[in-house]
Amino acid sequence: MTAAPSQAAARPVGSAVALSATGITKLYPAKDGRTTGISGISLDIAEKTVVAVVGRSGSGKSTLLRTMAGLVTPDSGEVLCQGAPVTGPPPQLRCVFQDYGESLFPWTTVLGNVEFGARHGPAATRADRRRRAREALRLVGLPDVDDRYPWELSGGMQQRASIARALASQPRILLLDEPFGAVDALSRARLQDMLQEVSARLELTTVFVTHDLDEAVYLADRVVVVDQRGEGLTADLPITLPRPRHPVDSRESETFLSVRRALLETVLQP
Ligand SMILES: Nc1ncnc2c1ncn2[C@@H]1O[C@H](COP(=O)(O)OP(=O)(O)OP(=O)(O)O)[C@@H](O)[C@H]1O
């Protein structure tokens, strides 16, 4: 398993492309008069695949994800979502962030929050939106909390509700930025399995940023590593572990251990 040069291996072959970033540059002024951000990153995401984005802190993972989501306008380069130029958040794409505590509305119930997400989906009656919200809550494993308020739920449950809100609009593409970074280890493992199941069942294209290399290998079909200075991708590794993955057995398999080793070596190299 070798690290690939920055752009060469970043294009999936033989499948439709859901999201495509070409030559993305987004620079921010830094305190020392220099710049930070990302430059010249290209990445194509095949439909219905799960892709993990890893890299050192500050390498530009979130900037890349937000640019692909249409939340950040690149200085140069182009993002296409199912072939159409991205100039703002595309309707078939939804984002989930780490800070679920801030993303859920505290003044309305869990069902109210998820119904709000359903407003962004296909035009529907209130009854349709409610049905879609209930279905999304069931999918993420929260069938019995409709009338509770977000602040009455554990962190893991709140993040499930955030994901349900994103799913309620029936997106085809889900982008997640460190989605499980703020929950305890056991909840995190359960959330990973929920995401695995939901992505597979809904055939979503899923892209997530994580600091956790085990999580990246466990969940993804492909892991890309952002260069520590944001200047391209330093690795692009396919993960061939069979699905569905098992929380214990998959993590003990030879494939898992060898990919994780290759990733660690790539991320740690000076
Ligand atoms: N809105 C912004 N304004 C100024 N600088 C920014 C902004 N967003 C990102 N940056 C800078 O760009 C660089 C990349 O940030 P980004 O959050 O994309 O990296 P990251 O790899 O996701 O980091 P982490 O792993 O620590 O979350 C950092 O130096 C960051 O401070």
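Predicted model only: the values in this text are computed from it and were never measured. For ligands, and for the atoms within them, numbers begin at 1 and follow the listed sequence. Numbers here are sequence positions counted from 1.
A donor-acceptor pair shorter than 3.5 Å cannot be found between the side chains of S42 and T22.
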Under 3.5 Å, side-chain donor or acceptor atoms of residues 165-184 against the rest of the protein: list the pairs with distances, not counting sequence neighbours.
residue	atom	partner	partner atom	Å
R165	NH1	S103	O	3.2
R165	NH1	N113	OD1	3.2
R165	NH2	S103	O	2.5
S169	OG	R94	NE	3.2
S169	OG	A166	O	3.2
R172	NH1	L202	O	3.4
R172	NH2	L202	O	3.0
R172	NH2	E203	O	2.9
D177	OD1	S62	OG	3.3
D177	OD2	S62	OG	2.8
E178	OE2	H211	N	2.4
E178	OE2	H211	ND1	3.3
D184	OD1	S187	OG	2.6
D184	OD2	L186	N	3.2
D184	OD2	S187	N	3.1
D184	OD2	S187	OG	3.3

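For the pairing with L43, the side-chain contact (heavy atoms from CB on, under 4.5 Å) check across V226, L19, V224 returns one residue only, V224.
Protein residues having at least one heavy atom under 4.0 Å from any atom of ligand 1 are Y28, T36, G37, R56, S57, G58, S59, G60, K61, S62, T63, H211, listed by chain and number.
Contact between T36 and A30 at its shortest, heavy atoms only, is CG2-CB, 3.9 Å.
Taking the side chain to side chain contact (heavy atoms under 4.5 Å, CB included) definition, one finds that R251 meets it with Q192, Y218, P247, F256, sequence neighbours left out. Every residue meeting the side chain to side chain contact (heavy atoms under 4.5 Å, CB included) condition with A216, not counting sequence neighbours, appears here in chain and number order: A52, V54, T210, V223.
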